[in-house]
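Numbers restart at 1 for each chain; the letters A, B, ... are given by sequence-line order, proteins then strands. Small disclaimer: the values here were computed from a predicted structure and weren't measured.
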Number of protein chains: 6
Amino acid sequence: MTAAVRYPVPELKDLPEDIRAKVLEVQEKAGFVPNVFLAFARRPAEWRAFFAYHDALMAPETVGRESGLTKGDREMIVTATSAANNCLYCVVAHGAILRIYEKKPLVADQVAVNWRKADITPRQHAMLEFAMKVCLHSDEIAEEDFAPLHAQGFDDEDIWDIAAITAFFGLSNRMASFAGMQPNPEFYLMGRVPRQK
Amino acid sequence: MTAAVRYPVPELKDLPEDIRAKVLEVQEKAGFVPNVFLAFARRPAEWRAFFAYHDALMAPETVGRESGLTKGDREMIVTATSAANNCLYCVVAHGAILRIYEKKPLVADQVAVNWRKADITPRQHAMLEFAMKVCLHSDEIAEEDFAPLHAQGFDDEDIWDIAAITAFFGLSNRMASFAGMQPNPEFYLMGRVPRQK
Amino acid sequence: MTAAVRYPVPELKDLPEDIRAKVLEVQEKAGFVPNVFLAFARRPAEWRAFFAYHDALMAPETVGRESGLTKGDREMIVTATSAANNCLYCVVAHGAILRIYEKKPLVADQVAVNWRKADITPRQHAMLEFAMKVCLHSDEIAEEDFAPLHAQGFDDEDIWDIAAITAFFGLSNRMASFAGMQPNPEFYLMGRVPRQK
Amino acid sequence: MTAAVRYPVPELKDLPEDIRAKVLEVQEKAGFVPNVFLAFARRPAEWRAFFAYHDALMAPETVGRESGLTKGDREMIVTATSAANNCLYCVVAHGAILRIYEKKPLVADQVAVNWRKADITPRQHAMLEFAMKVCLHSDEIAEEDFAPLHAQGFDDEDIWDIAAITAFFGLSNRMASFAGMQPNPEFYLMGRVPRQK
Amino acid sequence: MTAAVRYPVPELKDLPEDIRAKVLEVQEKAGFVPNVFLAFARRPAEWRAFFAYHDALMAPETVGRESGLTKGDREMIVTATSAANNCLYCVVAHGAILRIYEKKPLVADQVAVNWRKADITPRQHAMLEFAMKVCLHSDEIAEEDFAPLHAQGFDDEDIWDIAAITAFFGLSNRMASFAGMQPNPEFYLMGRVPRQK
Amino acid sequence: MTAAVRYPVPELKDLPEDIRAKVLEVQEKAGFVPNVFLAFARRPAEWRAFFAYHDALMAPETVGRESGLTKGDREMIVTATSAANNCLYCVVAHGAILRIYEKKPLVADQVAVNWRKADITPRQHAMLEFAMKVCLHSDEIAEEDFAPLHAQGFDDEDIWDIAAITAFFGLSNRMASFAGMQPNPEFYLMGRVPRQK
């Protein structure tokens, strides 16, 4: 079995109180602790900044902000970005969440392999096209790249969201790949099988 | 729902007898007809050549040949190649078969996202490294590329297999992407959930 | 002298009857046996599939199909594809055939070095532009790529031909480069000197 | 004059108290407010996470951590990363700080144009080589990439620092380029002229 | 201190008379001898051809030709080209001259890091876009690339100037990088500080 | 028929005396005027610098210099460089001269399509490997790139020759491609057919 990460992982009991509380909360909700929560915990200050940034972008309601992007949109950007960066942890973990939010068991694999052929809306297609330019050619972004997004109903704040999510997960992808972070096995199957009553 | 393919798909009843027989055989075995079988059937001569080539490489026993590659090795090469070419159909369809042959529910996603981080053997790692060079830089293949494979126990015929599978699915990937071929929904879940008795 | 290919080449007398017959037929017609015919013959099943596929695309009349591409068009696609893949065997061998079919002694070198500057028709220019996208970025092919071809009089079946020829020779290029296949010396000069009576 | 950033910039008086305090502190210290402090302030939660992350990596002593990287090392990584991403704001702003920390008026331009030709130590050369791999090919990082750094005296925590700084400024670069953030004119000259008494 | 160049540098007294005269003239004018003048002088015939070519393009008035490009335009092309080729010597040396001719202390760093974000005119933007295509994809230049330049008032001779300057400094960049040529320290600061009376 | 070049070509009678003399000399020797001689002649100062540079590198004996490269070596570098830059004029024209100097009718096509598979010596292989790095990644050239050339008997001056020829023809390639310069038909066949007595 491949280790969860190349670097030492602290034990739950050794974590600062605020971090342990968050980890336990996630565990409660998800049924397991996603490896990223422990892989980064060796360095509490980075951990806190990482998850504060994550939440500000991925759960804007927690900071009192509304966004024109749905939860599914956001996870779709993360999945496409992580695929472009070939980040195993993030494609598998966020692909799982994407399936759940979009209620589409097939969409994550489609977006990860070739978003151009995915069964998504034209609005999401424009969103991913812009995200990919931020991901791969940010120096070439120009005013004319905003027009197709405006045409799909995104305003400038939504576009900032698209760019910021792409940029933030570019950071996350590099750290996860560098550190050899492995996705928890649970993620691979989440959202693939429709829930039965 | 996205169509299975951009081009017209013939009806089963209109197919030449040999092709219809093969399609029915696959349907019997898999429980459904993989889209590639119908997407190519509009052109019977290409269909026959494509599947004859496929079988010669992927089922060498059907042509009386033994191979040093296992069935899982072969599907692993297909999955890595198809991911390098961003081919949705082939990653999803052959990833499914890879999971089944390797009896590893997680391996296909790992190989598709970043084969370097996949839970595979050093022998398979060397195999994929060579396959990726054939896929992406075949003009640079030189004698020194054979040594790491020999060191892992592959002989020259096995190496031909690796190259030929990579090259053949490069063809398949380009046709599937060009024609907008969609994987059957069944593939996405195959091999992910351990069979219960 | 560089060997014809890195792998062992069977003797004509050891070939299966159908393959030997085809090899002799080609020799009769061309005056020599192109190396590809022997380089692949070690593996009869692959040989048969390869040439069946080749003929289905390059000689569609042999399978009772008409194509909107001329023989010259087809060889032009092969030459451009093989140049993009830096495949020595295929550029030299198919460049020779291109010169003959197009009756233009200069066109093969032009297409191989920079097809954009070749002395070809606007229709052929559009054809090669599409072929190069299939060759290099097949995952990005979209519906809008078909329009310039329709505008030049190609229908969807012709476009399938362009894509399939490109994809098939991508396979051929990878095998020839991987195996170090050398073009027969005869090819280099064929079609360069106008026939005298 | 090019605007400081494409997006609206809040006035100092409208900022949350903690952000305003930090901005004033920076202004006091630097003599001007670097544009990034105001360009991100429209979104306080992102602002706080961004600068908390920044400080955890670039001023580890503020979070009670020691690092094997000097301040100059860190700014050198930022400058090289930002140059690889063609980020105008970060190359100019962090190049200025690099000149000051390293007390080398020429080093920033050298690192930005071609770090391989810069007048830096072999240890810094190894550091930048790893940083560039994290920046451009993070999916290919493998265990063997750690050895040259260990050989130069970096331990695994230092290597985490190199990777994290590279990854964080990859985020910063993408946001600054996307948002058209312009460096303050003051940065261009800082550290170029030796201070006179 | 890094050496000025990897190859031996002749002494002034050993140079042929015409070369020594030119070197002394440059020294008189600039206050120092730019390293390129000595680094190339080991080979007088190449030296003479290099500077004759340089002057024909960069100082057309010396050969009795007028150009639609200003001196600043020309140095801007050199700076952008040299940045695209990551040539330390040329970015630093010609960036200095660019600052002086354009009377803009910030413009050279902007053009070197990301010309798309530089504070330049739309005419200069079109000029650099064409120069970058000549620099990076000259084989793809087509008639339609001339139209945006004509629209900005450049005629065909001006466009030849843009291409020729780009091509010539591509040569210069390769030689300077190959030979490890270092810019004189004086260049780094030139044109950054407004002259006082 | 494609025009020789996109720009106006002066008539022989309108050329400056020295240029006309050289053109007539070449015509006398070759039996035709290579298009480059007229395509550049519109600008005499550039013409003179271009051919002075050319001769200093390609005919060093004319400037009293000896070189460790044979005439065939030099044309081989030009052919490989021009192929890497997809320059139709230079591949065809210099490939012709390469065939003649090396007395190998096949070598030019081999070097142009894939120099790694060409029938050349190990010394020439090392020479082209270095030339390709100068051509494509000059910023990455480092001291360790010189060792394989020293091992093949090249000294530092020979290596300067390799780099300079590569750099000079990078200039030539960009100008020829930009200006749409077409090779004279005569070049295509030169050196392909052994001379008969």
Original post:
Can you name the nearest heavy-atom pair linking Ala45(F) to Val63(E), along with the distance?
Top reply: CB-CG1, 3.5 Å
Original post:
Most heavy-atom pairs under 4.5 angstrom with chain E, which of Phe168(F), Phe50(F), Phe146(F)?
Top reply: Phe146(F)
Original post:
What part of Ile159(E) is in contact with chain F, defined as an atom under 4.5 angstrom from a non-hydrogen atom: side chain, backbone, both or neither?
Top reply: both
**OP:** Run the numbers on Leu171(F) and Phe169(E) for side chain to side chain contact (heavy atoms under 4.5 Å, CB included), then give the verdict.
**Re:** CA-CA 8 Å; Leu171(F) 151 65; Phe169(E) 281 92; over 6 Å; no
Original post:
Should we count NZ of Lys71(E) as having more than 12 external heavy atoms under 6.0 Å?
Top reply: no
**OP:** May I ask you to check whether over 12 heavy atoms, not counting those of Glu66(F), lie within 6.0 Å of atom CD?
**Re:** no
Original post:
Can you name the nearest heavy-atom pair linking Ser177(F) to Ser138(E), along with the distance?
Top reply: CB-O, 3.5 Å
Original post:
When you look at CD of Glu28(E), are more than 12 heavy atoms from neighbouring residues, nucleotides or ligands closer to it than 6.0 Å?
Top reply: no
Subject >> Contact leader toward chain E among Ala142(F), Ala167(F), Ala176(F), Gly170(F), where contacts are heavy-atom pairs under 4.5 Å >> reply: Ala167(F)
Original post:
Looking at Cys135(F), Ala52(F), Ser172(F), which one has more heavy-atom pairs under 4.5 Å with chain E than the rest?
Top reply: Cys135(F)
Subject >> Side chains of Glu140(F) and Asn86(E) in contact at under 4.5 Å (non-hydrogen atoms) >> reply: no
Subject >> Flag side-chain contact, heavy atom, 4.5 Å: Thr166(F) against Phe178(E) >> reply: no
Subject >> Contact winner vs chain E - Arg48(F), His137(F), Glu143(F), heavy-atom pairs under 4.5 Å >> reply: Glu143(F)
Original post:
Do you know which two heavy atoms are closest between Trp160(F) and Tyr7(E), and how far apart they sit?
Top reply: N-OH, 3.5 Å
Original post:
Arg174(E) and Arg174(F): which non-hydrogen atoms are nearest, and at how many Å?
Top reply: NH2-NH2, 3.3 Å
Subject >> Exercise: identify the closest heavy-atom pair between Met175(E) and Ala164(F) >> reply: SD-CA, 3.5 Å
Subject >> For chain F, the option from Arg43(E), Glu46(E), Arg65(E) that forms the most heavy-atom pairs under 4.5 Å >> reply: Arg43(E)
Subject >> Residue selection (most heavy-atom pairs with chain E, distance under 4.5 Å) from Asp161(F), Leu88(F), Asn85(F) >> reply: Asp161(F)
